[in-house]
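In what follows, a structure is listed as structure tokens, so that the remarks can point back to it.
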Amino acid sequence: MDWTTLISNKRLGQEDLHYQRKDDRTEFHRDYDRLIFSAPFRRLQNKTQVFPLPGSVFVHNRLTHSLEVASVGRSLGNDVASRLVAIHPELRESHIGECGSIVSAACLAHDLGNPPFGHSGERAIASFFSEGEGLKYKSLMTEAQWNDIIHYDGNANAFRLLTHQFLGRRPGGFVMTYSTLASIVKYPFTSDLAGEKQKFGFFQSEADTYAKIARELGIGRNARRNTRGDDSSSSVSYVRYPLVYLVEAADDICYEIMDIEDAHKLKIISSDETKQLLLGYFTPEHQENMLKILSSITDTNEQVVYLRSCAIGALESACVKVFVENEESILNGTFEGSLIDHIDPILHNAYKQCEKLSYDKIYFSKDVLDIDLAGYRIIYTLIDLFITATMNPETAYSKLLLGRVSSQYDVLNPDVYTRIMAVLDFISGMTDVYSLDLFRKINGDSIPII
């Protein structure tokens, strides 16, 4: 792959349009602004990140998380771009300087496809079809289509949300630049090539769209994964688009460090334990200087904020170093793992310590599990009701339910896969509170006052 072709400001759905812009924003800045002002992005403020949505203590939701990831992503992109230009002066006249804008826009978009209640919502969707009432629809779809649904994933849904032409909308979805779209696809293949991790980057319905983007940007194919002998776009695995590594690193840095800070605010972990975890990212000499600064800060929460900012800065610098040092293998598609996997051993060990604590004390804490249980039940029930309605639209109750679905969702399409995906589009676009409210109304637990 080559930087001169990898960064393109061509827009999906507007490939043949050429007109003069009336301001000085680059196309990649427009991507960022377009996302900021979009309804799906706004709805992230009411979608769970890890902890329940705030009561007396405000913790992160999907919106604040995405904004923080975008901030770190911008730093990663800008720092990498300046290093690459220093190494390759010939790139100075290319779009390489826009890496920060591209990565930050992709970071804003990376969680747009998550259904209500996050991973719990994903599991509810997948299990309804793999082990619930939805099993009866398997014979009505191809194997590849069925794989999409039983392994339903928010990553693939984000790419669909940005590129799919919903009813009544313009071609190209959000009409984003090719480079921004490529930057959100962490797993550049469909569900039939996902393997044991069951992660994939786009549904069958968007496979041709990604193939088009890959051809334009010169994204190579992954020779190690393409062993099926099927050359169709829906069976091709691509190597990662280089800027995906920076989007992934920004996300990894933010969720791991910020989850620790949130756990401290909620008193799940003590102040001393939190400070020791964050100090672990630094050498003993560096820790000594940091402790002197900490002694001048009297508020414990502010001490944690200081250490958190230092840890994020250290991880950001380390990931930039790994990216630049491995530029060649990243461009030829042979780089293995994430950038975090290759950082300095002291930083990597500290990151793993935070990761272990998160699994031991945060992700399986009572409050988090309670939300997972409730979210699973809510989403599973809504899927059951709306899938049944779209499969039997002639009944009186189905007509009532389908009356709640926006006209942009093609829930009456003759093709079963398209119809089911439309229902999943509708449900995944809900906020946590909206899905709960609809669940209660359908069950008769909440009746509007007339």
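As the structure is a computational prediction, the values presented were derived from the model and not from experiment. All residue numbers in this chain count up from 1 along the given sequence.
Using a distance-only test at 3.5 Å, with no hydrogens or angles considered, a donor-acceptor pair links the side chain of Gln45 to the main chain of Arg42. Put simply, the side chain of Arg221 never gets that close to the backbone of Val236: no donor and acceptor are under 3.5 Å apart. In this structure a side-chain-to-backbone donor-acceptor pair under 3.5 Å is present from Ser82 to Asp79. Side-chain atoms of Ser104 do not come within 3.5 Å of backbone N or O of Gly73 as any donor-acceptor pair. The backbone N or O of Asp425 lies less than 3.5 Å from no partner atom in the side chain of Arg160, so there is not a single donor-acceptor pair. Looking only at distances, no side-chain donor or acceptor of Arg308 sits under 3.5 Å from a matching main-chain atom of Glu261.
Contact annotation: the side chain of Ile387 never approaches that of Asp384 to less than 4.5 Å [non-hydrogen atoms, C-beta and beyond]. Side-chain contact check for Thr190 versus Asn147: every heavy-atom pair is 4.5 Å or farther apart. Side chains of Phe426 and Met430 form a contact here, defined as non-hydrogen atoms less than 4.5 Å apart. Side-chain contact check for Asp372 versus Phe117: every heavy-atom pair is 4.5 Å or farther apart. Proximity of Tyr417 to Trp146: side-chain heavy atoms (C-beta onward) are nowhere separated by under 4.5 Å. Looking at Thr26 and His29, their side chains come closer than 4.5 Å, going by heavy atoms from C-beta outward. Counting heavy atoms from C-beta on, the side chains of Met391 and Ile420 come closer than 4.5 Å.
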Dump the intermediate steps for side-chain contact (heavy atoms from CB on, under 4.5 Å) on Tyr210 and Glu206, then the final yes or no.
-> CA-CA 6 Å; Tyr210 189 82; Glu206 284 71 55; over 6 Å; no
Let me see the working for Leu6 and His95 under side-chain contact (heavy atoms from CB on, under 4.5 Å), right down to the final yes or no.
-> CA-CA 9 Å; Leu6 282 169; His95 288 303; over 6 Å; no
Should Ile340 and Glu256 be marked as a side-chain contact (heavy atoms from CB on, under 4.5 Å) after you check the CA-CA gap, both sets of side-chain angles, and the distance that decides it?
-> CA-CA 11 Å; Ile340 291 285; Glu256 200 58 73; over 6 Å; no
Could you please spell out the steps behind the side-chain contact (heavy atoms from CB on, under 4.5 Å) verdict for Ile7 and Phe28?
-> CA-CA 10 Å; Ile7 303 181; Phe28 309 112; 4.0 Å; yes
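Relative to the six-membered ring of Tyr32, Arg74 meets both conditions, a distance below 6.0 Å and an angle of at most 45° to the axis.
Phe41 and Leu35 make their closest contact through CB-O, 3.1 Å (heavy atoms, listed as atom of the first residue, atom of the second, distance). Taking every heavy atom of both residues into account, Gly121 and Ile379 meet most closely at O-CG2, 4.0 Å. Closest approach of Asp111 to Leu44, counting heavy atoms only: O-CD2, 3.8 Å.
Between the side chains of Asp153 and Asn155, a donor-acceptor pair is found at a separation under 3.5 Å. Side-chain atoms of His342 and Glu325 include no donor-acceptor pair closer than 3.5 Å. Side-chain contact of Asn61 with Thr64: a donor-acceptor pair under 3.5 Å is present, judged by distance alone. Checked by atom type, the side-chain pair Asn78/Ser75 shows no donor-acceptor distance below 3.5 Å. Using modelled atom types, one finds no donor on one side chain facing an acceptor on the other under 3.5 Å when comparing Glu68 with His65. Side chains of Ser358 and Asp259: no donor on one and acceptor on the other come within 3.5 Å. Defined by atom type and a distance below 3.5 Å, a donor-acceptor pair is present between the side-chain atoms of Asp148 and Ser191. Defined by atom type and a distance below 3.5 Å, a donor-acceptor pair is missing between the side-chain atoms of Asn392 and Ser398.
For Tyr152, the ring-ring contact (aromatic ring centres under 6.0 Å, His included) criterion is met by Phe203, not counting sequence neighbours.
Using a 4.0 Å cut-off between charged side-chain N and carboxylate O, Asp437 and Lys441 make a salt bridge. Taking the charged nitrogens against the carboxylate oxygens, Glu248 and Arg240 do have a contact shorter than 4.0 Å, which makes a salt bridge.
Atom CD1 of Ile213 is separated from atom NZ of Lys10 by 11.0 Å, given to the nearest 0.5 angstrom.
When Thr163, Leu12, Asp31 are each tested for a side chain to side chain contact (heavy atoms under 4.5 Å, CB included) with Met176, only one passes: Asp31.
Ring-plane geometry between Phe166 and Tyr409 is classed as perpendicular, the angle between the planes exceeding 60 degrees on a 0 to 90 degree scale with a lower cut at 30.
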